[in-house]
Structures are given as C-alpha cells and as structure tokens.
Amino acid sequence: KGHHLSRSQSLRSVDSRKRDDVDKPRLGPQSPQTDSAPGEEWSAWSVCSATCGEGWQSRTRFCVSSSYSTQCSGPLREQRPCNNSAVCPVHGTWDEWSPWSLCSSTCGRGYRDRTRTCKPPQFGGDPCEGPEKQNKFCNIAVCPVDGVWNEWSSWSLCSSSCSNGTMQRTRECNGPSYGGSECRGEWMETVDCFLGECPVDGKWQPWSLWSGCTKTCGGGSQQRSRICYGPFFGGKLCPGDREEVRHCNEKKCPEPHEICGEDNFSNVVWKMTPAGDTAAVRCPPNAM
C-alpha cells in the first residue's frame, strides 16, 4: 500500500511539470515534437486571432499514459503565426480642426468657419466620417444704418389763385441709426404754377374838362365824361356813371330894355369862371 502511494505522488509531479509548460507563453513558432509518448495527439489548430496583419494560431495536446512508468515529454501547447500575408484595411482619419477664421463681416451678421483634412483610407478602408467644414454665425457690432428718404408728399395747392405762383412738396428722412449718414438731397421741392390771368376790374380814367355852358344866362348845363379802362379777364365793370351834368349860368337874363347898346360892347371884361372864360359887358347905369 505504501508503494502505491509512492507511484501516485510520482504521477502528480509529472502533471505539475506539464501544467507549468502550458502556462509559459510562446512568442514564436514552435517546431513540432516527434518524440511523443504513446497515446499523445495534438488538437486541430485554432482559428487565427486576426483576419489580416499578424495573427496567431495555437493547438494543445494531453498526456495519456498507459503505465505508471511512462512520462510525457515536450510541450502541451504550440503557437504559430497566421494571415501575416494579408494587409489590413486602414480607415481614413481626420486631422485636427483648424482655428476658427475671422468673422466674414465687421458688423452685422457674419460667419466663421474651420476646416480639417482627412488622411485618406488605404487597402479598402472606410473614408472619414463627418463634415470637412464647420460654420457658425458671428456678430461683432451693429452696422451703421444710413438715412433713407420716405416718399414725397403730394404737391401743395398753388400759392396764388391766379397768375404766377408756386407749389411745394416735402419728404422726411427715415434715420440714420447707429452712426449712419444723413439723407442726401433736399427735403423740399418748389415749382412754378400758373392758373390763368387774374381778373382785372375796370378803372376810371380822369374826368375830362367841363364842357361850355349851353346858355349864357337863364340856366344852362354843362357836362364832362370819363373813360373806363377795362375790365380784363372777367373783372368787374367800373362803378359809377360815365358822364356827369351840372347846371350853369342860372342868373336871370336881362330884359330887352336892360340890354346895352351895341356901342358899349367895346367895354367887354373877360372873367375866369368854372365854365371857362365869360365875357361881361359893363353897361352904363341908365342902360335901357
């Protein structure tokens, strides 16, 4: 019984050494072992750890002893490179973004942008994903707004109801704002207008001189006249009369016995009267 225990301890010692061989990594290809103990068989090679580039395959075996005296020799695990002839696809990659550009406008609404470059894919790799350029709005300051004229008003009525006059129209400047310029040009326009000649009322010319009296005594009459100048363009007629008549020489005529003789006609005295020059004869007191 004590001999049997000694043989069991020997087998456990061999298995311990085999497990130590399995735990040790093998970085390179291993040559297949030919000094296999009876009953040792390798498993099939595993699937390659990579489909391209550098991959590895492994296989294992177990030690199966037919007697207590037989011990397995050689490694329990082998590795070999695989698929190292296939080139892996290289996907496109973005470089870093460029700095943001200056604002496209010094005032008001503008935009800034930045770009990046894609390192192109190789060996069938995927292109870069995402935008090549980015934009964002920027607003540095409010832009100056120049003044703008509103529409002209309607023309005013003519300043005169007849003859020459003027008409006007105006407009208002909308703005400026934020330091803009004033409106250019005039805020008022003036044009001439003519609505026809004005009516001219008739106007009397000065009176003529009085005519001579129709009688030298006993009451006569004398007249004067004036001329109306106009009217024109629908004006009014001259007011009043065109002629005036007044009495003259209203003193009583002498009776026949009061008439001087013809020999006294040489004593004629001329007098200035409103009716003109009048001759007066100085008869003697005893004239018949």
Which atom names give the shortest non-hydrogen contact between Q168 and T190, and what distance separates them? CG-OG1, 3.5 Å
To the nearest 0.5 Å, tell me how far Y111 OH sits from S101 OG. 7.5 Å
Decide yes or no for W56 and C48: does some side-chain heavy atom of the first lie under 4.5 Å from some side-chain heavy atom of the second? no
Tell me, yes or no, whether the heavy-atom count around E243 atom CD, taken from other residues, nucleotides or ligands under 6.0 Å, exceeds 12. yes
Measure across W97 and P131 and return the closest heavy-atom pair with its distance rounded to 0.1 Å. CH2-O, 3.7 Å
Point-to-point distance, once rounded to the nearest 0.5 Å, from OH of Y178 to SG of C107: 12.0 Å
Measuring from R77:CZ to S58:OG, what's the distance to the nearest 0.5 Å? 4.5 Å
Going from OG on S105 to CZ on F137, what distance comes out if it is rounded to the nearest 0.5 angstrom? 12.5 Å
Please list all pairs meeting salt bridge (charged side-chain N to carboxylate O under 4.0 Å, His left out) that have one or both residues in residues 100-125, counting only residues at least two apart or in different chains. D95-K119, D113-K133
Flag yes if L157 and V191 sit in one hydrophobic cluster, no otherwise; membership is Ile, Leu, Val, Met, Phe, Trp, Tyr, and two members link when side-chain heavy atoms are under 4.5 Å apart. no
Spatial distance of atom OG (S43) from atom CG (L76) [nearest 0.5 Å]: 11.0 Å
Tell me whether the count of non-hydrogen atoms from other residues, nucleotides or ligands lying under 6.0 Å of CD1 in I227 goes above 12. no
Less than 4.5 Å apart, any side-chain heavy atom of C248 and any of K215? no
Which heavy atom of N164 sits nearest a heavy atom of S160, and at what distance? O-CB, 3.5 Å
Contact check, side chains of P239 and W204, non-hydrogen atoms, under 4.5 Å: yes
Does F194, at its CZ atom, have more than 12 non-hydrogen atoms belonging to other residues, nucleotides or ligands within less than 6.0 Å? yes
Return the minimal non-hydrogen interatomic distance between S181 and P176, and the atom names on each side. O-CB, 3.3 Å
I'd like to know whether E197 forms a side-chain contact (heavy atoms from CB on, under 4.5 Å) with F232, so could you lay out the CA-CA distance, the side-chain angles of the two residues, the decisive distance to 0.1 Å, and finally the verdict. CA-CA 9 Å; E197 296 290 348; F232 304 103; over 6 Å; no
From OG1 (T93) to CG (D126), nearest 0.5 Å: 12.0 Å
Looking at every heavy atom in both W42 and E78, which two are closest together, and how far apart are they? CH2-CG, 3.3 Å
Going through the distances and angles, do R171 and N150 end up as a side-chain contact (heavy atoms from CB on, under 4.5 Å)? CA-CA 6 Å; R171 59 180 177 177; N150 291 334; 5.5 Å; no
Heavy-atom side-chain proximity of E41 to F62 below 4.5 angstrom: no
Return the minimal non-hydrogen interatomic distance between E244 and W210, and the atom names on each side. O-CZ3, 3.5 Å
Taking S159 for its side chain and T166 for its backbone only, find out whether a donor-acceptor pair lies under 3.5 Å. yes
Side-chain contact, heavy-atom cut-off 4.5 Å: S211 with Q222? yes
Considering only heavy atoms from C-beta outward, does the side chain of P231 approach that of P199 to under 4.5 Å? no
So does S225 get a backbone contact from the side chain of S208, meaning a donor-acceptor N/O pair under 3.5 Å? yes
Take a 6.0 Å sphere around CH2 of W187 and say whether it holds more than 12 heavy atoms from other residues, nucleotides or ligands. no
Determine whether more than 12 heavy atoms belonging to other residues, nucleotides or ligands lie under 6.0 Å from atom CD of E172. no
Is there a path of hydrophobic side-chain contacts, each under 4.5 Å between heavy atoms of I/L/V/M/F/W/Y residues, joining W149 to M188? yes
Is there a path of hydrophobic side-chain contacts, each under 4.5 Å between heavy atoms of I/L/V/M/F/W/Y residues, joining V87 to V90? yes
